[in-house]
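Encoded as structure tokens, the structure appears first; notes follow it.
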Amino acid sequence: MDSKRLRIAMQKSGRLSQDSQALLKSCGLKINLREDRLIAHVENMPIDILRVRDDDIPGLVMDGVVDLGVVGENVLEETMLERARLEMPVDYKVLQRLDYGGCRLSLAVPQEQVWEGVASLNGKRIATTYPNLLTRYLAEQGVKFKPVLLTGSVEVAPRAGLADGICDLVSSGATLEANGLKEVEIIYQSKAVLIQSCNALDANKQQIIDTLMPRLQGMLQARE
Ligand code: ATP
Ligand code: ZN
């Protein structure tokens, strides 16, 4: 990979990829996307797009492997807490909060359960992909729980007898309902953000960012 080219990490395929690609295109980038490729070259600017799993993006930025990244704040914050716990570097700058990827991280319990506040989760098993965000939230309320770590199918855990409740991303709530769950508490509100590594940038890369940012902000303002 050419180190003179600005490197931007974004989700390869998933809920953020279409909107992220569209945003970069609307800023004038001509992206040559071949579905199977990890790296996509921008034809009209010295930029490479790295297409990875969203979970890897904060780490790539914090380790300075890429210059910029687009990721959900939920994944960013969870990674930051996890890395802080492991005493790994956690530096990054938020360049711009974006207007897509909106979702919330919520607690949900079986529909038939009477909800009497988070204290009722004391000592209970909660399935989640976000153990650090959940621990921070419940610790603030003095609640101790048993984390059940799942990277997928979190919402089936209670019915499967693996957990008493879940903490998962919600947008419409239909998935929860289909699994006999009800949302009882929002613990984190998220949107996509553009972040930058804290590495010193050479003048060429900085100039590309200085060109892109006003375009990006103009685009976001126009569709407000
Ligand atoms: P990957 O294969 O890249 O790891 P993934 O399955 O972890 O993908 P997606 O489901 O594509 O991730 O979600 C990516 C991000 O999109 C989430 O982390 C979140 O920031 C955002 N998002 C927006 N709405 C939702 C939703 N309803 N459910 C889940 N994520 C959502
Ligand atoms: Zn992911």
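Just so you know, ligand 1 is whichever comes first in the structure, and atom 1 is the first atom listed for that ligand. Here, residue 1 is the first one in the sequence, and each next residue gets the next number.
Atoms of ligand 1 lying under 4.0 Å from any heavy atom of Val75, numbered from 1 in the order shown and given with element: 18 (O). Of all atoms in ligand 1, numbered sequentially from 1 with element shown, those under 4.0 Å from a heavy atom of Gly102 are 23 (C), 24 (N). Taking a cut-off of under 4.0 Å to the non-hydrogen atoms of Asp55, the atoms of ligand 1 that pass are 4 (O), 7 (O). Atoms of ligand 1 lying under 4.0 Å from at least one heavy atom of Gly14, given by number and element, are 11 (O). Distances below 4.0 Å separate heavy atoms of Leu16 from the following atoms of ligand 1: 15 (C), 16 (O).
Shown here are the protein N/O/S atoms lying under 2.8 Å from the Zn ion (ligand 2), water excluded: Asp54 OD1, Asp55 OD1.
Counting only heavy atoms of the protein, atom 27 (N) of ligand 1 lies nearest to Ser171 OG, 2.5 Å. Of all protein heavy atoms, the one lying nearest to atom 18 (O) of ligand 1 is Asn74 ND2, 3.0 Å. With respect to atom 30 (N) of ligand 1, the closest heavy atom belonging to the protein is Leu169 CD1, 3.3 Å. At the top of the distance list for atom 31 (C) of ligand 1, counting protein heavy atoms only, stands Arg15 CD, 3.3 Å.
Checked by atom type and distance alone, the side chain of Asp48 never pairs as donor or acceptor with a backbone atom of Arg5 at under 3.5 Å.
Using a 3.5 Å distance cut-off with no hydrogens or angles, the side chains of Tyr137 and Glu185 do pair a donor with an acceptor. For the residue pair Ser106/Glu183, the side-chain donor-acceptor check at 3.5 Å is satisfied.
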Run Leu138 and Ile126 through side chain to side chain contact (heavy atoms under 4.5 Å, CB included) and show every step you take. CA-CA 11 Å; Leu138 289 181; Ile126 308 177; 3.8 Å; yes
Verify side chain to side chain contact (heavy atoms under 4.5 Å, CB included) between Tyr130 and Ile187, making sure each step is shown before the conclusion. CA-CA 11 Å; Tyr130 298 88; Ile187 78 156; over 6 Å; no
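A salt bridge between Arg83 and Asp63 is present, with a side-chain N of the basic residue lying under 4.0 Å from a carboxylate O of the acidic one. Note on Arg125 versus Asp164: salt bridge recorded, some NZ/NE/NH1/NH2 to OD/OE distance being below 4.0 Å.
The heavy atom nearest to atom 8 (O) of ligand 1, considering only Gln11, Lys191, Arg53, Glu78, is found in Gln11. Between the choices Gly101, Gly72, Gly173, Ser17, the shortest heavy-atom distance to atom 21 (C) of ligand 1 belongs to Gly101.
If you chain together hydrophobic residues whose side chains sit under 4.5 Å apart, Leu16 and Ile31 fall into the same group. Cluster annotation: Leu150 and Leu105 are assigned to distinct hydrophobic clusters (Ile/Leu/Val/Met/Phe/Trp/Tyr, side-chain heavy-atom contacts under 4.5 Å, transitive).
Annotation for Gln206: atom CD counts as buried by contact number, over 12 foreign heavy atoms lying within 6.0 Å. Counting non-hydrogen atoms of neighbouring residues, nucleotides and ligands closer than 6.0 angstrom, the CD atom of Gln207 reaches no more than 12 such neighbours.
For atom 6 (O) of ligand 1, the nearest protein heavy atom lies 4.0 Å away or farther.
Glu78 pairs in a side chain to side chain donor-acceptor pair (under 3.5 Å) with only one of the listed residues (Asn132, Thr129, Thr128), which is Asn132.
Contact annotation for Asp54 and ligand 1: heavy atoms of both the backbone and the side chain come within less than 4.0 Å of the ligand.
Taking both residues in full, the closest heavy atoms of Ser190 and Glu73 are given as OG-N, 3.2 Å, listed atom of the first, atom of the second, then distance.
Under a 4.0 Å heavy-atom criterion, Gly152 is not in contact with ligand 1.
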